[in-house]
Amino acid sequence: MKTTKAGALAVVAMLLLTLSGCANLGGIDLTQVGKEGTTTYLKIALNQTESHPSYIALDHFGQRLAEKTNGRWKVDVYPNEQLGSQQEVVQFIKSGAIEMAIVSGTQLENLSKDFQVLNLPKAFKDVRHQMQVIRDPSIVGELFTSLEKRDNITVIGGFTQGSRSIYTRFGPVNKPADLKGKKIRVQESDMHIRMIELMGGSATPLSYGEVYTALQSGVLDGAENNEVSYLTQKHVEVAPYWSYTNHLVGLDYMIMRADLLKAMSDADRKIFLEEWDKAMVEHTKLWSQKTSEAIEGAKKAGAKMTKVEGDAFDKALAPLVDEFLTTKKQRELWDKIQAAQTGASSSGATNSEADNSAESEAKNEIQDSRKGK
C-alpha cells in the first residue's frame, strides 16, 4: 500500500506520542490481533524508493497477506525513510511503536556483534549463496532469535543488497592506493569503517539519506553500494565513476516486534511466514532483473564503469576475518556459511532445481522453527 508524505508525518507524530508514553505500543492491542472482524495494520519502515525491488516485494507481500487472511492483516509500507533513519526505526521496533522494518546488517551489529559474521566481506560467494543461508534456520535460526528477549526484535529473513562496489566523484579506482586520503561514505559500523580503511580510503559514517548532498557538495569523495541504489538514489549524477571492487554481498534484514509474532495465531503465523518467504524469493528475482536494468541506466546517465586490478582489494580485506571473528560461536557460524557455499557448488542440481528445492525446504523449516512462538 502506497503511503503519502502527509500520512507518514501523521504516523511520525503518533510515534513521538508512543515514545513519550502517551499512547499504546503502536496503537496495537496484542490480545486482539488477527481476530475476525478486525484489521491489524503492520507499519513497515523502508529507506528505499517506490521503484526499488524492496518496496515492490513488500507491497506484493502486503497484498497477498491481506488476501490470505481475509483482511485481518494489512501492510502499510513507508518508503524513503518517512518513519525515520534506520537507527531510529530500530528503536521504534524495540519500543513497539512500529511493527516491522527493513534495516541494513550494520544496524544489527550494533545490537549483537554476532551479526558481523554475515556482514563480513566475502562471507557470501554470491547472492544465491547468501539467500540459501538466510533462509536456512539450521544455520541462522539461533542468531535470528537472539535479540528477542532483550530487545523485543526477531529477524525473519532479509533481502539481498547485491554485490557492493566503490563509486567516486574524482575518477576510477583501480587499486587501494587510489583511495588514499579520499573520504568514502560508510555505514555506521566498526567493521565497515575498518573495511574502507583497509581498502585505502578515509571512512566517513553518514546517514544514507544524506549521501547525495554530501557527494554533490564535496563533503564526500565517494561511497559504496550496489548498482540499483546507485541509480535509484541518483548518486550517479554526482559520482559518475563506478569501480567494480565487488567487496561485499550486502544484506538487509527484516526485523519485527517479537511479541507481535508470538501473539499471532498458529494459522496466521503460518500464512505470514509463508508469504514473507515468497517475498524473499520474489525480491531475489527482481534484484537480478533490476541490477541489469540499473547498469544500463547508469551508463546512459553518464556512469563510467570499470574493473579493478586483479584481486588487490580481496587481499587488502583478508585481515578482517581474524580481526572481527573473535569468539568460538562466531567462527562456528562462519564455518557453517562457508560449508553451505561448498555444498551448493558441489551439488549436481541445476540452478532452478536447487532454487525450487531450497524454497520448499525453507518453508518447512521456517514453520518448524517458529511453531508456537
Side-chain angles (χ1 to χ4, degrees), residues 52-54 57 102 104-106 115-140 143-144 157-167 187 191-192 195 199 224-231 242-254 277 279-296 298 305-318 320-321 325 333-362:
H52 194 275
S54 295
I102 293 287
S104 177
T106 55
F115 282 92
Q116 289 180 336
V117 182
L118 276 67
N119 298 341
L120 272 167
K122 307 305 175 183
F124 304 109
K125 178 182 178 181
D126 51 30
V127 171
R128 182 182 173 212
H129 174 215
Q130 179 189 61
M131 298 309 297
Q132 176 186 350
V133 167
I134 71 163
R135 294 171 65 221
D136 186 344
S138 70
I139 299 177
V140 298
L143 178 67
F144 282 6
F159 290 157
T160 188
Q161 295 176 355
S163 184
R164 298 171 73 101
S165 289
I166 293 285
Y167 51 93
Q187 299 176 69
M191 185 175 69
H192 282 218
M195 174 185 75
M199 293 175 73
E224 58 86 40
N225 215 314
N226 55 65
E227 296 97 335
V228 176
S229 294
Y230 180 55
L231 183 66
W242 176 281
S243 302
Y244 275 105
T245 53
N246 291 322
H247 51 271
L248 173 71
V249 181
L251 178 62
D252 285 328
Y253 293 102
M254 172 61 88
D277 192 66
M280 288 193 286
V281 173
E282 179 186 16
H283 180 272
T284 304
K285 293 177 180 177
L286 282 171
W287 190 265
S288 177
Q289 174 188 336
K290 290 291 186 179
T291 297
S292 296
E293 294 174 358
I295 292 170
E296 292 306 310
M305 310 182 89
T306 60
K307 294 182 179 180
V308 301
E309 291 185 5
D311 58 356
F313 286 95
D314 290 352
K315 290 179 178 178
L317 292 169
L320 277 177
V321 173
L325 300 189
L333 179 55
W334 175 266
D335 290 343
K336 286 182 181 180
I337 292 170
Q338 302 312 304
Q341 173 183 322
T342 303
S345 63
S346 63
S347 168
T350 64
N351 283 357
S352 68
E353 288 172 342
D355 289 345
N356 289 339
S357 175
E359 181 176 352
S360 177
E361 291 175 6

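Here, residue 1 is the first one in the sequence, and each next residue gets the next number.
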side-chain contact (heavy atoms from CB on, under 4.5 Å) test vs Val117 passes for just one of Leu325, Val321, Asp335, namely Leu325
From CA spacing to verdict: side-chain contact (heavy atoms from CB on, under 4.5 Å), Asp126, Val249:
CA-CA 7 Å; Asp126 51 30; Val249 181; 5.6 Å; no
Interatomic distance, CE@Met131 vs CZ@Phe124, rounded to 0.5 Å, equals 9.5 Å
So OH of Tyr230 and CD1 of Ile295: to nearest 0.5 Å the spacing works out to 11.5 Å
Of all heavy-atom pairs linking Gln130 and Leu251, the shortest is NE2-CB, 3.5 Å
OG1 of Thr245 to CE of Met199, rounded to nearest 0.5 Å, is 4.0 Å
Here the pair of heavy atoms bringing Leu286 nearest to Ala57 is CD1-N, 4.3 Å
Nearest heavy-atom approach of Val140 to Ile134 is CG2-O, 3.7 Å
- Is the Trp242 ring parallel, tilted or perpendicular to the Tyr167 ring (thresholds 30°, 60°)? parallel
Minimal heavy-atom distance between Glu227 and Thr291, with the atoms involved, is OE1-CG2, 3.7 Å
Of all heavy-atom pairs linking Gly157 and Met280, the shortest is CA-SD, 3.8 Å
Cut-off 3.5 Å, side chains only: do His283 and Thr160 have a donor facing an acceptor? no
Problem set entry | Glu296/Glu293 under side-chain contact (heavy atoms from CB on, under 4.5 Å): CA gap, chis, key distance, verdict | CA-CA 5 Å; Glu296 292 306 310; Glu293 294 174 358; 6.0 Å; no
Between Asn119 and His192, the two heavy atoms sitting closest are O-NE2, 3.4 Å
| message | I'd like to know if the side chain of His129 and the backbone of Ile337 have a donor-acceptor N/O pair within less than 3.5 Å. | response | yes
Distance col, row Asp277:CG vs Arg135:CZ, nearest 0.5 angstrom, shows 4.5 Å
- prompt: Hey, are the side chains of Val308 and Ile166 touching, using non-hydrogen atoms and a 4.5 Å cut-off?
  reply: no
Between Leu231 and Lys290, does a side-chain contact (heavy atoms from CB on, under 4.5 Å) hold up when you go through it step by step?
-> CA-CA 10 Å; Leu231 183 66; Lys290 290 291 186 179; over 6 Å; no
Check your understanding: Does atom NZ of Lys122 have more than 12 heavy-atom neighbours from other groups under 6.0 Å away?
Key -> yes
**Message:** Test your reading of the model: is there a side-chain donor-acceptor pair from Asn246 to the backbone of Ser163, 3.5 Å cut-off?
**Reply:** no
Value for CD (Gln161) from CG (Asn225), rounded to nearest 0.5 Å, stands at 6.5 Å
Interatomic distance, CD@Glu224 vs OG@Ser243, rounded to 0.5 Å, equals 13.0 Å
Fill in: Side chain proximity check, Met254 to Phe159, heavy atoms < 4.5 angstrom
no
